[in-house]
Chemist: 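If you scroll down you'll find the structure; I have some questions about it.
Below, read A as the first sequence line, B as the second, and so on, with proteins coming before strands; counting in each chain starts at 1.
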Amino acid sequence: MRSLQPVRGTHDILPEQSLRHRHVTETARTIAGQYGYGEVATPIFEFTEVFKRTLGDSSDIVTKEMYTFESRSGEEITLRPEGTAGIVRALISGGLGQHLPLKFFYQGPMFRHERPQKGRLRQFHQFGVELLGVGAPLGDIEVIAMAAQILDALGVADSTTLEINSLGDPQSREAYRDVLLGYLSDLKDKLSEDSRKRLAVNPLRILDSKDEGDRRVVADAPLFSDYLTGEAAEFFSAVTAGLDELGIIYALNPKLVRGLDYYCHTAFEFTTEALGAQGTVLAGGRYDGLVAAMGGAETPGVGWAAGIERLAMLIADAPAPHRPIAVVPVGGGAETAAFNLAQELRRDGFTVDIGYGGNLSRRMKRANKLRARLAVILGEDEIRAGTVTVRDLDTGEQEEVALRGLRDHLAPWR
RNA sequence: GCGGGUGUAGCUCAGUCGGUUAGAGCGCCAGAUUGUGGAUCUGGAGGCCGUGGGUUCAAUCCCCAUCACUCGCCCCA
């Protein structure tokens, strides 16, 4: 039976769920459009090197979560685990650096070979934005404001909180890293096994640990904010001042660290309590060094990505689809006329459903189940009289309407 | 990748201290109602009891493995 199961961590998205996803993406798409961002679609796979270079060889995504395979011609290919790498690659390979600043959004599937949980899938979907070529704090502010507006429009603003931190510039980061390393090395015995490993690979991550013992050690650790260079500190306060100006509420979280190596300066996360262990619903930050690291010209960038499944779980309900009008033939003789009528109404812009068989009772049942607003009943009597019977399925009232005037009669429900 | 929990009808779940034909509600199909849906009543279909192996006279039940889901960790959207 194994071959008839979906691959672990993948899901079929059926119409009901699809509506929720679409509500999320359409809302985000509309708002991103209002900010002047244009949609881009990069391939869902790239040469493995693209991700290795952007994400950093030591990141978890690269070391253990990528879907990597060899193509028939022997190329190393990877299903994209996130969206930024592909866009930066497109920027470079397409010579888009000529047109900076670039304002892009994207939407689509991402792949990570992780152990699935609620809100964590192996194929999942993200909506993200990237602002390339803007090094000023205004870029960070705009992008965060857009995120806040989207979450608000989705009705989840109340159930999420924005946390924000500065990772400084490379100089700040290096200085702080040394200090932190010194502090933590002295207390090595008190750290969890995981964190002792992190000491060598990515000590900043220890700040984020959920282990009780680690938290106690970290509580008294030197703060990153004390080691920001003047420039970096100024940048960050410009960002927070801009958010204040817009009335965007946030919490400073000096322990907030991002997993991907390329982030600098602003890092932020919108999180929720409602999703269990997977609390992050939208996250991003600034990545000024990334384009250059990939071989392009020095280009600042800032952006974020949101988990569509996670947002879809958080929203109350997607707006119900437009209620159809059911065309119901009575008896075999009316079948063709009814089908033609349905087609005519569809061409006129109505949402029309017509059953594929069964008697009147059966078809009415079906109309009811489809939440049809009206039934347009067409039998031999009506055909003779040049009319149809229009039944209001909410009130149960029905009347005869001349075929000629049907379109106008139905107009309110188009 | 590590640790815990759970897999019985399309869905939600009973159940068998190992013993003939495995149940309910909802949903589905049909009829009551061959020109009228929602409500009601009647009937019906639908189960390799996740999969494979083991123990046993006998396994849906016990044991092992495996797959999937789920909770937590790691990490992240």
Chemist: Tell me whether R391(A) contacts the main-chain N or O of Q398(A) through its side chain, where contact means a donor paired with an acceptor under 3.5 Å.
Modeler: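 No, because the side chain of R391(A) does not come within donor-acceptor range (under 3.5 Å) of the backbone of Q398(A).
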Chemist: Could you check how far NE2 of H113(A) sits from C1' of G1(B), rounded to whole Å?
Modeler: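 Interatomic distance, NE2 of H113(A) to C1' of G1(B): 9 Å.
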Chemist: Measuring from the side chain of K365(A) (C-beta onward, heavy atoms only), which nucleotide among G35(B), C2(B), G38(B) has the closest atom?
Modeler: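 Ranking G35(B), C2(B), G38(B) by closest atom to the K365(A) side chain puts G38(B) first.
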Chemist: Please determine if a side-chain N or O atom of Q117(A) lies less than 4.0 Å away from the OP1 or OP2 oxygen of G72(B).
Modeler: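 Answer yes for this pair, as a side-chain N or O of Q117(A) is under 4.0 Å from OP1 or OP2.
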Chemist: Have a look at G331(A) and say if it touches a base, only the backbone sugar-phosphate, or nothing, with a 4.0 Å heavy-atom cut-off.
Modeler: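 The residue G331(A) makes no contact with any strand.
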Chemist: What is the distance, to the nearest angstrom, from the CD1 atom on I206(A) to the P atom on C74(B)?
Modeler: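 It works out to 12 Å between those atoms.
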Chemist: Roughly how far apart, to the nearest Å, are G1(B) and U20(B) at atom C1'?
Modeler: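 48 Å, rounded to whole Å.
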Chemist: Using the P atom as the point on both nucleotides, what is the distance between G53(B) and U40(B), in whole Å?
Modeler: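 Per the computed distance, 47 Å lies between those P atoms.
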Chemist: Check every strand shown and say whether G128(A) touches a base, only sugar-phosphate, or nothing at a heavy-atom separation below 4.0 Å.
Modeler: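 Answer is nothing: G128(A) stays at 4.0 Å or more from every strand.
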Chemist: Should R112(A) be listed as having a side-chain N or O under 4.0 Å from OP1 or OP2 of C76(B)?
Modeler: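 No, R112(A) has no side-chain N/O under 4.0 Å of OP1/OP2 on C76(B).
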Chemist: Select one nucleotide: of A77(B), C69(B), G37(B), the one nearest the side-chain heavy atoms of A283(A).
Modeler: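 The answer is A77(B).
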Chemist: How is L282(A) classified with respect to the nucleic acid when contacts are heavy atoms under 4.0 Å: base, sugar-phosphate, or nothing?
Modeler: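 If one applies the 4.0 Å heavy-atom cut-off, L282(A) turns out to touch the sugar-phosphate alone, with no base involved.
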Chemist: Please determine whether any donor N or O and acceptor N or O are separated by less than 3.5 Å between the side chain of R371(A) and the base of G38(B).
Modeler: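 Side chain to base: no pair below 3.5 Å.
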Chemist: Is any side-chain nitrogen or oxygen of S361(A) closer than 4.0 Å to OP1 or OP2 of G37(B)?
Modeler: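 Affirmative; the distance criterion is met.
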Chemist: What's the NZ-P distance between K118(A) and G4(B), to the nearest Å?
Modeler: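 Rounding to the nearest Å, NZ of K118(A) and P of G4(B) are 23 Å apart.
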Chemist: E382(A) near the nucleic acid: base, sugar-phosphate alone, or nothing, with a heavy-atom cut-off under 4.0 Å?
Modeler: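 Contact class for E382(A): base.
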Chemist: Say we look at G50(B) and A59(B): how far apart would their C1' atoms be, to the nearest angstrom?
Modeler: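 The same atom, C1', in both gives a distance of 16 Å.
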Chemist: Taking for each residue the nucleotide of RNA chain B with the nearest heavy atom, is it D381(A) or E309(A) whose nucleotide lies nearer the 5' end?
Modeler: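 The 5'-side residue here is D381(A).
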Chemist: Which sits closer to the 5' end of RNA chain B, V330(A) or G119(A), going by the nucleotide each is nearest to?
Modeler: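 Closest to the 5' end, via its nearest nucleotide, is V330(A).
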Chemist: Tell which nucleotide pairs with C49(B), taking only Watson-Crick or G-U wobble pairs whose two distances are both under 3.5 angstrom.
Modeler: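 Partner of C49(B): none.
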Chemist: Does any nucleotide pair with G7(B) by Watson-Crick or G-U wobble geometry, both distances under 3.5 Å, and what is it?
Modeler: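 Result: C67(B).
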Chemist: For I377(A), report the nucleic acid contact type (base, sugar-phosphate, nothing); a contact means any heavy atom under 4.0 Å.
Modeler: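 Since a base atom lies under 4.0 Å of I377(A), the category is base.
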Chemist: Begin with the C-alpha distance, continue with both residues' side-chain angles, and end with the deciding distance and a verdict on side-chain hydrogen bond (donor to acceptor under 3.5 Å, both in side chains) for Y67(A) and Q123(A).
Modeler: CA-CA 10 Å; Y67(A) 273 94; Q123(A) 176 178 342; over 6 Å; no
Chemist: Please work out if G9(A) contacts a base, only the sugar-phosphate, or nothing of the nucleic acid, heavy-atom cut-off 4.0 Å.
Modeler: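 Sugar-phosphate contact only.
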Chemist: When rounded to the nearest Å, what value does the distance between P atoms of C41(B) and U60(B) take?
Modeler: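 To the nearest whole Å, 36 Å.
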Chemist: Do any N or O atoms from the side chain of R373(A) and from the backbone of L393(A) form a donor-acceptor pair under 3.5 angstrom?
Modeler: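 No, the answer is negative, given that no donor and acceptor are paired below the 3.5 Å cut-off.
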Chemist: What distance, rounded to whole Å, do you find between the two C1' atoms, one in C62(B) and one in A45(B)?
Modeler: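 After rounding to an integer number of Å, I get 34 Å for this pair.
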Chemist: For the residue pair V376(A) and V390(A), what are the closest heavy atoms and their distance?
Modeler: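 Distance-wise, the nearest heavy atoms are CG2-CG2, 4.4 Å.
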Chemist: Between U8(B) and C13(B), how far is it from one C1' atom to the other, in whole Å?
Modeler: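 Roughly 9 Å separates the two C1' atoms.
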Chemist: Please give, in whole Å, the distance from C75(B) C1' to F124(A) CZ?
Modeler: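 Nearest whole value for this atom pair: 12 Å.
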Chemist: Taking only the P atom of each, what is the distance from A9(B) to G5(B) in whole angstrom?
Modeler: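 It works out to 22 Å between them.
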Chemist: Under a 3.5 Å cut-off for both contacts, is A14(B) paired Watson-Crick or G-U wobble with anything, and if yes, with which nucleotide?
Modeler: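 In the structure as shown, A14(B) has no Watson-Crick or wobble partner.
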Chemist: With both distances kept under 3.5 Å, what pairs with G31(B), Watson-Crick or G-U wobble?
Modeler: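 Pairing partner, where one exists within any strand: C41(B).
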Chemist: Out of G3(B), C76(B), G37(B), which nucleotide sits closest to the side chain of M364(A)?
Modeler: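 Looking only at heavy atoms from C-beta outward on M364(A), the closest nucleotide is G37(B).
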Chemist: Regarding R362(A), tell me which of base, sugar-phosphate or nothing describes its non-hydrogen contacts under 4.0 Å with the strands shown.
Modeler: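 Sugar-phosphate contact only.
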Chemist: Can a donor-acceptor pair under 3.5 Å be found between the side-chain atoms of R8(A) and the base atoms of C69(B)?
Modeler: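 No such pair is found, so the answer is no.
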Chemist: Base, sugar-phosphate, or nothing: which does A367(A) touch, judged by heavy atoms less than 4.0 Å apart?
Modeler: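 It contacts nothing in the nucleic acid.
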Chemist: Kindly point out which of C71(B), A77(B), C29(B) is positioned nearest to the side chain of T280(A)?
Modeler: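 Of the candidates, A77(B) comes closest.
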Chemist: Go through the N and O atoms of the side chain of R391(A) and the base of G37(B), and report whether any donor-acceptor pair is under 3.5 Å.
Modeler: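 Answer is yes: a donor-acceptor pair is held.
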Chemist: To the nearest angstrom, how far is E269(A) atom CD from A77(B) atom P?
Modeler: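 Atom-to-atom, E269(A) to A77(B), this comes out as 8 Å.
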Chemist: Given 3.5 Å as the limit, does a donor-acceptor pair link the side chain of H125(A) with the main chain of T25(A), or not?
Modeler: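 Judged by distance alone, no pair lies under 3.5 Å.
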Chemist: When you measure only distances, ignoring hydrogens and angles, does the side chain of R310(A) come within 3.5 Å of the base of C76(B) through a donor and an acceptor?
Modeler: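 Such a pair is found, so the answer is yes.
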Chemist: Round to the nearest Å and state the distance from E335(A) atom CD to U34(B) atom P.
Modeler: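 E335(A) atom CD is separated from U34(B) atom P by 18 Å.
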Chemist: I want to know whether F127(A) and F105(A) have ring centres closer than 6.0 Å.
Modeler: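 Distance test on ring centres: under 6.0 Å, yes.
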Chemist: For G128(A), does its backbone N or O pair with a side-chain atom of Q126(A) as donor and acceptor, under 3.5 Å?
Modeler: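 Answer holds: no.
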Chemist: Just how far, in rounded Å, is C1' of C76(B) from CE of M66(A)?
Modeler: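 In whole Å, C76(B) C1' and M66(A) CE are 15 Å from each other.
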Chemist: State whether the number of non-hydrogen atoms from other residues, nucleotides or ligands found under 6.0 Å of Y35(A) atom OH is greater than 12.
Modeler: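 Result for OH/Y35(A): enclosed.
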Chemist: Just say parallel, tilted or perpendicular for the rings of Y176(A) and Y227(A), cut-offs at 30° and 60°.
Modeler: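 The arrangement is tilted - the two ring planes meet at 30° to 60°.
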Chemist: Rounded to the nearest Å, what distance is computed from the CG atom of residue N368(A) to the C1' atom of nucleotide G37(B)?
Modeler: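 One finds 5 Å between C1' of G37(B) and CG of N368(A), rounded.
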Chemist: Taking any strand in view, what nucleotide pairs with C62(B) in a Watson-Crick or G-U wobble way, both distances under 3.5 Å?
Modeler: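 Per the H-bond distance test, G54(B).
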Chemist: Roughly how far apart, to the nearest Å, are A22(B) and C48(B) at atom P?
Modeler: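 The same atom, P, in both gives a distance of 13 Å.
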